[in-house]
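Here's the structure we're looking at; comments come further down.
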Amino acid sequence: VQLQASGGGLVQAGGSLRLSCAVSGGTFSSYYMGWFRQAPGKEREFVASISRSGSGTSYDASVKGRFTVSRDNAKNTLYLQMNSLKPEDTAVYYCGTAHAITIDREEYFYWGQGTLVTVSS
């Protein structure tokens, strides 16, 4: 199974970006999916997760109300819409697969390579 994250870039504070994660080689609709991020010198932390159908979601408190996770099972793609970006959102963003909605990165078993998001002040 391969996960390809894309959509990162440089944006000013208050701006928006949409990340994508294309999944191939597996049955996308059978996976719960999640987004994590890792800032320089910090551990990888949970951002958001979504159920297999997309009807259930979970967010870290730091992004709730600003970020929206979604998926298109017909396109085998996971999304993260990020609005009202802050400098502290700067990190490499990773997508991963899991067997449940979970904030525990140890429960994710496939990972993408990450995409860098830089938010300038």
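All of these numbers come straight from a predicted model, not from anything done at the bench. Hydrogens, waters and symmetry mates play no part in the numbers below; they use all other heavy atoms, side chains included.
- For Glu45, the CD atom sits in a packed shell: over 12 heavy atoms of surrounding residues, nucleotides or ligands are nearer than 6.0 Å.
- Note that CD1 of Ile101 and CZ of Arg52 are 10.0 Å apart. Values are rounded to the nearest 0.5 Å.
- Put simply, the side chain of Met82 does not reach to within 4.5 Å of the side chain of Val47, judged on heavy atoms.
- When hydrophobic clusters are built by joining Ile, Leu, Val, Met, Phe, Trp and Tyr residues whose side-chain heavy atoms come closer than 4.5 Å, directly or via intermediates, Phe46 is not grouped with Met33.
- Atoms OG1 and CG, on Thr118 and Asp89 in that order, are 11.0 Å from each other to the nearest 0.5 Å.
- Other residues, nucleotides and ligands contribute at most 12 non-hydrogen atoms within 6.0 Å of the CD1 atom of Ile103.
- Hydrophobic cluster membership is shared by Trp35 and Tyr59, with clusters built from Ile, Leu, Val, Met, Phe, Trp and Tyr side chains linked at under 4.5 angstrom.
- Side chain of Tyr94 to main chain of Ala5: no donor-acceptor pair is present (N/O by atom type, distance under 3.5 Å, no hydrogens or angles).
- Note that CZ of Arg37 is 9.5 Å distant from CG of Leu80, once rounded to the nearest 0.5 Å.
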Kindly list each side-chain donor-acceptor pair under 3.5 angstrom involving residues 104-111, sequence neighbours excluded, with atom names and distances?
unit_1: Asp104; atom_1: OD1; unit_2: Glu106; atom_2: N; d: 2.9
unit_1: Arg105; atom_1: NH1; unit_2: Arg44; atom_2: O; d: 3.1
unit_1: Tyr108; atom_1: OH; unit_2: Thr102; atom_2: O; d: 2.6

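- Checking side-chain atoms of Thr115 against main-chain N and O of Tyr93 turns up no donor-acceptor pair under 3.5 Å.
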Do any side-chain atoms of residues 6-32 form donor-acceptor pairs under 3.5 angstrom with protein atoms, and if so which ones, sequence neighbours left out?
unit_1: Ser16; atom_1: OG; unit_2: Asn83; atom_2: OD1; d: 2.9
unit_1: Ser30; atom_1: OG; unit_2: Thr27; atom_2: O; d: 2.6

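- Under the 4.5 Å side-chain criterion, counting only non-hydrogen atoms from C-beta, Val92 is not in contact with Phe36.
- Although no hydrogens or angles enter the test, the distance criterion places no donor-acceptor pair under 3.5 Å between the side chain of Arg71 and the main chain of Gly54.
- Expressed to the nearest 0.5 Å, how far CG of Leu85 lies from OG1 of Thr90 amounts to 8.5 Å.
- With hydrogens and angles disregarded, a donor-acceptor distance shorter than 3.5 Å links the side chain of Thr77 to the backbone of Lys75.
- No path of Ile, Leu, Val, Met, Phe, Trp and Tyr side chains, each step under 4.5 Å between heavy atoms, connects Leu3 with Leu116, placing them in separate hydrophobic clusters.
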